[in-house]
Amino acid sequence: MEPLIRRPVGYMNDLMKKLLTVKSLKKYFPIYGGLLSRVMGQVKAVDDVSFDIYEGEILGLVGESGCGKTTVGRMTLRLMEPTSGNVYFEGEDIFALKRKELAKFRPKMQIIFQDPYSSLNPRFTVERIIGEAISVHLNITGKQLREKVESLMEKVGLSPLYINRYPHEFSGGQRQRIGIARALSLGPSYIICDEPVSALDVSIQAQIINLLQSLQEQENLSMLFISHDLSVVKHLSQRTAVMYLGKIVELARTDRLSNNSAHPYTQALLASQPSLDPKSRDRPPPLTGDVPTPLNPPSGCHFHPRCPKVMERCKNEIPRPIQLEEGHQVLCHLYDE
Ligand code: SF4
């Protein structure tokens with residue numbers, strides 16, 4: 001297995017430009033019930049989320065299943081409309097754009113899906129899967145299209161000899177490479193990687209992560225890397241946001257988050273990672289209990305029923321974002337004087 005490359009940190013400087021800004025984004029799903037199908041409640045899947053992504057940066061978004069991270073990712077591509085809030089891409093509010101105006105941005109914003117099995121049309125050849133968007137957006141001949149698809153296949157480590165094959169003829173890792181080539185086909189500047197390795201074998205995961213990393217460096221891509229696995233995010237992203245029940249509870253540079261995490265939930269996630277230290281095997285589990293339902297989240301701090309540092313005020317008062325230092329933000333009463 002190829003070793004994972006650890007990115008250098010301390011890269012942020014004033015010259016870096018924001019590519020994407022997410023401001024107070026909310027997505028509530030209504031729940032209908034009763035004889036008249038009235039709105040009986042709301043699932044607060046995303047509840048007041050804000051962050052920036054800089055040019056050439058990978059931002060990791062981590063949290064347990066159902067915390068709202070995929071919903072955030074899809075809204076940043078306007079694959080889903082928000083309940084409220086804004087997403088600015090290259091300074092344009094994408095929710096205010098008309099369909100035609102949005103179409104101009106589409107080639108620059110792409111997604112790599114979690115499941116390489118269901119995200120590829122089984123009736124299409126590799127040439128058609130990778131080349132479909134190119135033929136829609138660019139006016140090129142069939143020969144040029146084929147050459148472009150072949151070069152994209154080479155870029156992601158697939159032999160162009162397989163250009164006429166169908167998805168079922170490939171392994172999971174190869175299918176994910178096809179998905180990556182498709183995402184790169186129009187030369188995007190922003191890619192969402194939505195759990196791109198969680199459906200793959202561990203040995204293949206490292207190859208795909210290294211491929212994403214080298215492509216990101218070659219093309220200076222910005223990425224939102226969504227995962228439930230903090231160790232994967234730590235290897236790839238320069239900054240990491242931790243989500244819990246629809247809210248970002250901590251956001252910091254990845255090295256700082258690993259060594260000086262402030263939120264009890266981040267600390268629990270870090271403590272739950274496998275360790276080679278035999279002494280750590282007797283440790284009690286860092287977190288107990290399931291994630292509460294977003295339909296009826298706990299009052300005050302949503303994390304309070306599972307928090308080892310819970311205080312009386314946590315049960316009633318919603319914490320506000322606290323800036324611990326430049327670029328390190330936390331949502332916890334422990335730091336609220
Ligand atoms: Fe724990 Fe209270 Fe902080 Fe929530 S606000 S994480 S319950 S200490």
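Keep in mind that what you see is a predicted model, and the values were worked out from it rather than measured. Read the numbers this way: they start at 1 and go in the same order the structure lists the ligands and their atoms.
Inside a sphere of radius 2.8 Å centred on atom 1 (Fe) of ligand 1, the protein N/O/S atoms present are Cys307 SG.
Salt bridge annotation for Asp255-Lys234: absent, with no cationic side-chain nitrogen under 4.0 angstrom from a carboxylate oxygen. Salt-bridge formation is detected for the pair Lys18/Asp52: a Lys NZ or Arg NE/NH1/NH2 atom is positioned less than 4.0 Å from an Asp or Glu carboxylate oxygen. A salt bridge does not link Glu132 to Arg182: none of the charged side-chain nitrogens sits closer than 4.0 Å to a carboxylate oxygen.
Relative to the ring axis of Phe124, Arg128 places its NZ or CZ within 45° and under 6.0 Å from the centre.
Taking the six-membered ring where the residue is Trp, Phe303 and Tyr265 present perpendicular rings, their angle passing 60° and hence far from 30°.
From Leu221, atom CG reaches atom OH of Tyr190 across 12.0 Å, with rounding to the nearest 0.5 Å.
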